[in-house]
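Okay, structure first, notes after.
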Amino acid sequence: MKRKTYIYIMALVCLISICTLSACKVSFSFNGASIDYTKTKTIQIADFPIRSSYVWGPMAPMFNNALKDIYANHTRLSQVKRNGDLKVEGEITQYSQRNKSVSSEGYSAQTELSMTVNVRFTNTVNQNESFERQFTATQTYETTQSLASVQEELVQAMVKDLTEQIFNATVANW
């Protein structure tokens, strides 16, 4: 008799556990995006012009394409030209280099290249999430190398860093 009671109790515990777990909704997103797709369906991403005094020509198209790609690859949002539920716009405000370290002989040993973008993010679904903020990325290279020989690689790395920062700030809520 005790064995039968034990089986009934275990069956009841299992049934309650299954009902409780099936009532919960667990959602995992491996790309970090936390978007309610029932309310937010579109995103408008404007091209970022260069407003910096120092310019490298391919930088703006490289940045603009990477920014659009990160949203296309990591969200289900449709990109639209106007009236998006989310709106990302801004400009590249700074692209510069400076000496980062000095050698024992008193010469520059490393140079730091930096890129800053100003971003205006508008969330028409939840205005509290809208912001205007600057994002900066830097890369360092040995002064024995010419900027021309490393510039493309360094800008690509900075663009990747900047687009990830912007993505996380806008839709990942980090």
Phe63 and Val117, any side-chain heavy atoms less than 4.5 Å apart: yes
Other residues, nucleotides, ligands: >12 heavy atoms within 6.0 Å of Lys41 NZ: yes
Minimum heavy-atom distance between Ala46 and Asn64, given as atom pair plus value: O-OD1, 4.3 Å
Ser130 side chain to Asn123 backbone, donor-acceptor under 3.5 Å: yes
Side-chain heavy-atom pair Gln44, Leu86 within 4.5 angstrom cut-off: no
same_hphob_cluster(Val80, Val88) at 4.5 Å side-chain heavy-atom cutoff: no
Partners passing side-chain hydrogen bond (donor to acceptor under 3.5 Å, both in side chains) against Ser114 (at least two apart in sequence or in another chain): Gln94, Ser96
CZ-OG1 distance between Phe167 and Thr75, expressed to the nearest 0.5 angstrom: 6.0 Å
Basic-acidic side-chain contact under 4.0 Å: Glu91, Arg120: yes
Trace of the side-chain contact (heavy atoms from CB on, under 4.5 Å) decision for Ile45 with Gln79: CA-CA 7 Å; Ile45 303 172; Gln79 292 187 22; 4.1 Å; yes
Shortest non-hydrogen contact from Ala60 toward Phe48: CB-O, 4.0 Å
Heavy-atom closest pair, residues Met62 and Val159: O-CG1, 3.9 Å
Pair Tyr141-Ser149, side-chain donor/acceptor within less than 3.5 Å: no
Considering only distance and modelled atom types, tabulate donor-acceptor pairs under 3.5 Å from the side chains of residues 150-158, sequence neighbours left out.
from   : atom 1 : to    : atom 2 : distance (Å)
Gln151 : OE1    : Tyr95 : OH     : 2.7

Single-linkage hydrophobic cluster, 4.5 Å side-chain cutoff, Leu77 and Val125 together: no
Heavy-atom closest contact (Pro49 atom, Gly90 atom, distance): CD-O, 3.2 Å
Partners meeting side-chain contact (heavy atoms from CB on, under 4.5 Å) with Val55 (sequence neighbours left out): Ile50
Asp161 and Gln165: side chain donor to acceptor below 3.5 Å: yes
Donor-acceptor pair between Gln97 and Glu112 side chains, under 3.5 angstrom: no
Euclidean distance, Thr138 OG1 relative to Arg98 CZ, rounded to 0.5 Å: 8.0 Å
Side-chain donor or acceptor of Thr40 paired with backbone N/O of Tyr37 under 3.5 Å: no
Stepwise side-chain contact (heavy atoms from CB on, under 4.5 Å) check, Lys68 with Asn73: CA-CA 9 Å; Lys68 291 173 185 173; Asn73 294 333; over 6 Å; no
Spatial distance of atom CZ (Arg76) from atom CD1 (Ile35) [nearest 0.5 Å]: 8.5 Å
Rounded distance (nearest 0.5 Å) linking atom NZ of Lys160 with atom OG1 of Thr163: 7.0 Å
Verdict with supporting geometry, Arg51 and Ile92, side-chain contact (heavy atoms from CB on, under 4.5 Å): CA-CA 6 Å; Arg51 301 275 189 253; Ile92 300 168; over 6 Å; no
Between Thr111 and Thr143, a side-chain donor and acceptor under 3.5 Å: yes
Polar contact flag, side-chain donor to acceptor under 3.5 angstrom, Asn118-Glu132: yes
Spatial distance of atom CD1 (Ile166) from atom OH (Tyr71) [nearest 0.5 Å]: 6.5 Å
Sub-4.5 Å side-chain heavy-atom contact between Leu162 and Met115: yes
Euclidean distance, Thr124 OG1 relative to Glu129 CD, rounded to 0.5 Å: 11.0 Å
Chi angles and distances behind the side-chain contact (heavy atoms from CB on, under 4.5 Å) call for Asp85, Lys39: CA-CA 8 Å; Asp85 297 325; Lys39 297 177 183 173; over 6 Å; no
